[in-house]
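The block underneath contains the structure these notes are about, expressed in structure tokens.
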Amino acid sequence: MRLEKCWFCSSTVYPGHGIQFVRNDAKVFRFCRSKCHKNFKMKRNPRKVKWTKAYRCLHGKDMTQDSTFEFERKRNRPERYDRNVTEQTLKAIPLITKIRHERQKKHITNRQKQGKTKERERDAKELEQDIQMLPKKDVMLSTQKTKVVVKVSQQQTEENLMEET
Amino acid sequence: MANRIQFENNCEIGVFSKLTNAYCLVAIGGSENFYSVFESELADVIPVVKTSIGGTRIIGRLCVGNKNGLLLPHTTTDQELQHLRNCLPDQVVVQRIDERLSALGNCIACNDHVALTHPDLDKATEELIADVLGVEVFRQTIAGNILVGSYCAFSNRGGLVHPHTSIEDLDELSTLLQVPLVAGTVNRGSEVIAAGMTVNDWTAFCGSDTTATELSVIESVFKLRESQPAAIVDDMRKSLIDSYV
């Protein structure tokens, strides 16, 4: 049993799911569900279909190159079974998946952070250029709102207090 | 010395087993008879491993190997790959290859030094064969058939090819492989030599349909008869005995 990747959307195909198509040139196409299978039959290119992993990786939406992906590569030259190695691998697998998820989330937040700075720039530019669009009253308020530091001597405050009482 | 056996009443031994100088692979049969013959012959010399490839029993035609390595098709599952790696000695490199022609046993015939391959094999696969098996690779056909792995069987000491191979082809192949070759049949006239028998440097196993003539040809071309003590004594008698009283 092996968990394969769907050819169209790159999600995992679990046993008992999906369809496998073998073409005449002996290339095997695995699909996770009929949605992907039907898209394939319509000859759609997964790199142009927005919800697939192929599109997202191509357009830089999702993380592509990372050392955590190297752990999941298919290996054709096996190593002799070693109990300790297997134990360490089984312990390491949940750690690796956690780290990979964290890195993927980080990639997306970094991507969206750029949007925030761009918004700030746009607002600053609007303030600079389009300030005449705002009503005069609000403009006065905004321009006159400068901080003025007033030095108050000790004597004066005491006199005021005396006056009040 | 050649043995005659059957796999579940079928005489195509080369389909259900793979014999090399360093290991022997055997298919998982219903009864243990097939496995026990190999075991009785080879158990103390080389490891005899029961396996399947891609869930099938036709292992002899799907894989190819010699004492240096074993090549498996892409249909081999991860569990089978791991099983083979665990059972075979460390000097044997076990490798799975991605090749369109997945019946490697039908496409490639090899011994420890030379390999003959299907003319349409990928360049990458050819390089892998040279690397993993440590052999020199030649693209050839045998009697016009492209499936060289099925129509000839050769070891380091001799080879048997398709009966309709012309004498020129036979000479050409013989010079390429550097072993004596003979055109013959197995299993009462079956032309598919490698499917009907399996051979290494000191033993051979044929289907029980093989006639005595075919068996004697096999024993002479693969030089299996020399292992019998009687032959050695006959050769040495002249040098041992000075004169008869």
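Fair warning: this is a prediction, and the values are worked out from it, not measured in the lab. Side chains included, hydrogens not; waters and symmetry mates left out as well; all remaining heavy atoms used.
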Mind listing the donor-acceptor pairs under 3.5 Å that bridge chain A and chain B?
from: R2(A); atom 1: NH1; to: D78(B); atom 2: OD1; distance (Å): 3.3
from: R2(A); atom 1: NH1; to: D78(B); atom 2: OD2; distance (Å): 2.5
from: R75(A); atom 1: O; to: R96(B); atom 2: NH2; distance (Å): 3.2
from: N76(A); atom 1: O; to: R96(B); atom 2: N; distance (Å): 3.0
from: N76(A); atom 1: OD1; to: R96(B); atom 2: NE; distance (Å): 3.1
from: R77(A); atom 1: NE; to: Q95(B); atom 2: OE1; distance (Å): 2.6
from: R77(A); atom 1: NH2; to: Q95(B); atom 2: OE1; distance (Å): 3.0
from: E79(A); atom 1: O; to: Q82(B); atom 2: NE2; distance (Å): 2.7
from: R80(A); atom 1: NE; to: D90(B); atom 2: OD1; distance (Å): 2.9
from: R80(A); atom 1: NH1; to: N86(B); atom 2: O; distance (Å): 3.0
from: R80(A); atom 1: NH2; to: L88(B); atom 2: O; distance (Å): 2.5
from: R80(A); atom 1: NH2; to: D90(B); atom 2: OD1; distance (Å): 3.4
from: Y81(A); atom 1: N; to: N86(B); atom 2: OD1; distance (Å): 2.9

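Taking 4.5 Å as the heavy-atom cut-off, none of the residues of residues 33-71 of chain A approach chain B.
Using a 4.5 Å cut-off between heavy atoms, L88(B) touches chain A through its backbone atoms (N, CA, C, O) alone.
Closest non-hydrogen pair, P78(A) versus L81(B), comes out as CG-CG, 3.6 Å.
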